Amino acid sequence: MMKIYNTMSRKKEEFIPREEGKVSIYACGPTTYNFFHIGNARMFLVFDTIRRYFAYRGYKVTYVQNFTDVDDKIINRAREEGMDPLALSGKYIAEYFTDAAALNIKPADVHPKATEHIVDMLEMIKTLISKGLAYEVDGDVYFEVRKFPGYGKLSGRSVDDLRSGARVDVDERKKDPLDFALWKAAKEGEPYWESPWGKGRPGWHIECSAMSLKYLGPGFDIHGGGGDLVFPHHENEIAQSEGFMSGGTFARYWMHNGFITVNQEKMSKSLGNFFTVRDITAKYPGQVVRFYLVGTHYRSPLDFDDQKLEMSKKALARLYTTSNLVKEALAREGTGAGAGGEQLLQSVKHAEAEFVAAMDDDFNTALAAAALFDLSKEINSFVSDYAPSAAGHQALRQALEAFARLGDVLGLDLLQPEQSQNDNLVDKLMELIIGIRSQARQNKDWPTADKIRDGLKEAGIVLEDTPQGVRWKRKL
RNA sequence: GGCGGCAUAGCCAAGUGGUAAGGCAGAGGUCUGCAAAACCUUUAUCCCCCAGUUCGAAUCUGGGUGCCGCCUCCA
């Protein structure tokens, strides 16, 4: 049984899909006016991991993540750059996929763009006006919050609380300060679309309602995003969607990830303490970044700094070592008795059960990772005094397969294809260098042997002398 | 002012009633020419403080302290 913490109820609830065996997920994607930062990355990665786990559990997953490709931030940025706003957002949509790939975030099943769904939004806005839930003023259209009785149910606030705390500059044309824009009249030089209320563009919230309903239908399973979207974004989505639907639930489970802080402070553009994934992956492999992020439960806050990435790098290296040790052991031949294989398979089974139990409990990736480390230790231990045999190889293959399968749920490629992507030239050179060093070692010329080893380490290559021969690998 | 979250070893981090996972770092050992990797052993009598409930609490309740977030664009 899977349990999910639902922001709506503030409790973990058993997950019961709308349709048996299927799960529909909508996550609010980025506004494409810049490279995305590590905070955005956490959200993408959290939902990528969730969808991977659902798939692992046998669900047919439909995952939708939008691009907000027209809004104030894009327009302002485009103005600064002297670029066309839509060209700017198009550029950063492309960059999104580059960075997402570095973090092993899979493309969603659908990546709808706001600008390609103007018609859907217009239909929705028209309906809301005809139902008396929205009104037009000077080419703007606002949703009338007071007309939606459930307003505040997601964020646990009442309209009155919100009003008293409102720090917003009051727009006198609005009936209530909390009323939010569904449609904004275009100012000079802004991109616009024709509408019954004149030239304009959609408000931010309406796109997610229109696109999620279009691709997933009313009452879809999971709607998610960063914690700061609870209010007002998701609250507004609920109001306009459920107002539009007239009855029924917009989305059934609301999931929100915790924030990333830097030096214990919220990362934000205004504080200037944000890091783009583009910058981080220039210094650390995407896999390390990913491993770091899944090491903390998605709802907990997470502080980001290089020192912590260093720790993650070492921890990940440990996992990689396991898969290398297994590959090495499998390359050996022999006709041993095959002792211990049964026990190893028992451990594999146990680890996988632990992993599933952890993930079933509101996607506890930190606990799931611990199961991976337990399995790693079992495998290493088995390999450390392994006498090759047919049965042993069989057990090892199964163990490695399970190890990689579980790693993949977390988005980790424990088989490290990048390691095997060394070109021929490097392989040849290493063969040569190792040969020379072996000669030196045979002559007990330790200074030369050590010089080679140290020099290679400087260059990012680690040499290890083992009873089975010399092993080399690139440093992470 | 309103709403919410978090405080666990040197560091990171699970654990929400039954006596403290996992990782990094550290210590000792096996292996090694020396290393590295791996393996074995070890590292919190205690989970911010106080009071309470309970046979029993890091886990529940009340109070306090500290930190953070939302209420405004923001993942």
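Remember, it's a predicted structure, so these values are computed and weren't measured experimentally. In what follows, chains are A, B, ... by sequence order, proteins preceding strands, each numbered from 1.
- Distance from the side chain of A:Thr466 is smallest for B:A36 among the nucleotides B:A75, B:A36, B:A14.
- Counting any heavy atom pair closer than 4.0 Å across all strands shown, A:Arg157 reaches a base atom.
- A:Phe231 carries A:Arg157 over the face of its six-membered ring, with the cationic atom under 6.0 Å from the centre and within 45° of the normal.
- Near RNA chain B, meaning a heavy atom under 4.0 Å from it, residues 367-381 of chain A has A:Leu367, A:Ala370, A:Phe373, A:Asp374, A:Lys377, A:Asn380, A:Ser381 in order of number.
- Projected onto RNA chain B by closest heavy-atom contact, A:Ala315 and A:Arg299 fall at different nucleotides, the more 5' of which corresponds to A:Arg299.
- Geometric assessment of A:Lys12 against the ring of A:Tyr5 yields a negative cation-pi assignment under the 6.0 Å and 45° thresholds.
- Note on A:Arg318: a side-chain N or O is less than 4.0 Å away from OP1 or OP2 of B:C39.
- Nucleotides B:G29 and B:C34 have their P atoms positioned 14 Å apart, rounded to a whole Å.
- For the pair A:Leu229 CG and B:G4 P, the interatomic distance rounds to 20 Å; values are reported in whole Å.
- Around the CD atom of A:Glu458, the shell of radius 6.0 Å holds no more than 12 heavy atoms that belong to other residues, nucleotides or ligands.
- The same atom, C1', is picked in B:A20 and in B:G15; the two are 8 Å apart, to the nearest Å.
- Across all strands shown, nothing is found opposite B:A21 as a Watson-Crick or G-U wobble partner with both distances under 3.5 Å.
- Contact annotation: A:Trp472 side-chain N/O to B:A36 OP1/OP2 distance is not under 4.0 Å.
- Distance, A:Asp72 CG to B:C73 C1': 8 Å, rounded to whole Å.
- With sequence neighbours excluded, the residues satisfying salt bridge (Lys or Arg N to Asp or Glu O under 4.0 Å) with A:Arg52 are A:Asp48, A:Asp408.
- The residue A:Ser300 sits close only to the backbone: its heavy atoms come under 4.0 Å of sugar-phosphate atoms, none of a base.
- Ring pair A:Tyr96/A:Phe36 is tilted by interplanar angle, where 30° to 60° counts as tilted.
- Across all strands shown, B:C6 forms a Watson-Crick or G-U wobble pair with B:G66, both key distances being under 3.5 Å.
- Base pairing annotation: B:G52 forms a Watson-Crick or G-U wobble pair with B:C60, both donor-acceptor distances under 3.5 Å.
- For the segment residues 437-458 of chain A, the set of residues with a heavy atom within less than 4.0 Å of an atom of RNA chain B comprises A:Arg437, A:Arg441, A:Trp446, A:Asp450, A:Arg453, in numerical order.
- Looking at which nucleotide of RNA chain B each of A:Lys12 and A:Thr31 is closest to, the 5′-most match is held by A:Lys12.
- Listed by chain and residue number, A:Lys313 satisfy the salt bridge (Lys or Arg N to Asp or Glu O under 4.0 Å) test with A:Glu310 (two or more places apart in sequence, or in another chain).
- Residue A:His297 is classed as a sugar-phosphate contact, given heavy-atom separations below 4.0 Å to backbone atoms only.
- At whole-Å resolution of the value, CG in A:Asn257 and P in B:G5 are 17 Å apart.
- Qualifying side chain to side chain donor-acceptor pair (under 3.5 Å) partners for A:Gln240, counting only residues two or more places apart in sequence or in other chains: A:Ser209.
- Taking only side-chain atoms of A:Phe231, from C-beta outward, the nucleotide of B:G4, B:C24, B:C70 with the closest atom is B:C70.
- With sequence neighbours excluded, no residue forms a side chain to side chain donor-acceptor pair (under 3.5 Å) with A:Arg51.
- With rounding to whole Å, A:Tyr292 atom OH is found 15 Å from B:C11 atom P.
- With distances taken from any side-chain atom of A:Asp465 to the nucleotides B:A75, B:C24, B:C34, the minimum falls on B:C34.
- Across the C1' atoms, B:U54 and B:C60 are found 9 Å apart, a figure rounded to whole Å.
- Scanning for salt bridge (Lys or Arg N to Asp or Glu O under 4.0 Å) contacts around A:Asp305 gives A:Lys308, with sequence neighbours left out.
- Atom name P, nucleotides B:C11 and B:C49: the rounded distance is 15 Å, in whole Å.
- Between A:Met8 and A:Ile238 the shortest side-chain heavy-atom distance falls below 4.5 Å.
- Rounded to the nearest Å, the gap between the P atom of B:A38 and that of B:A25 is 9 Å.
- With both ends at atom C1', the span from B:A44 to B:U8 equals 9 Å, rounded to whole Å.
- Rounded to whole angstrom, the span from the CZ atom of A:Arg201 across to the P atom of B:C73 amounts to 13 Å.
- Contacts of A:Arg42 classified as salt bridge (Lys or Arg N to Asp or Glu O under 4.0 Å), with partners at least two apart in sequence or in another chain: none.
- In this structure, A:Phe36 does not count as stacked on the base of B:A75 under the 5.5 Å centre distance and 30° plane angle limits.
- Partners of A:Lys153 under the side chain to side chain donor-acceptor pair (under 3.5 Å) rule, at least two apart in sequence or in another chain, are A:Glu242.
- Between B:U30 and B:G23, the two P atoms lie 23 Å apart (nearest whole Å).
- Residue A:Gly295 is classed as a sugar-phosphate contact, given heavy-atom separations below 4.0 Å to backbone atoms only.
- Distances shorter than 4.0 Å separate some side-chain N or O of A:Asn364 from OP1 or OP2 on B:G15.
- Contact annotation: side chain of A:Asp385 to base of B:C39, donor-acceptor pair absent below 3.5 Å.
- Across all strands shown, the partner of B:A27 is B:U41, judged by Watson-Crick or G-U wobble contacts whose two distances both fall under 3.5 Å.
- In this structure, B:G1 and B:C71 make a Watson-Crick or G-U wobble pair, each of the two defining distances being under 3.5 angstrom.
- For the C1' atoms, the distance from B:A21 to B:U16 is 15 Å, rounded to whole Å.
- At whole-Å resolution of the value, CG in A:Asp303 and C1' in B:C68 are 11 Å apart.
- Straight-line distance from the CD atom of A:Glu235 to the C1' atom of B:C3: 12 Å, rounded to whole Å.
- Between A:Trp254 and A:His234, the ring planes lie tilted relative to each other; the angle falls in the 30° to 60° range.
- For A:Phe291 and B:G22, the CZ to C1' distance is 9 Å, given to the nearest whole Å.
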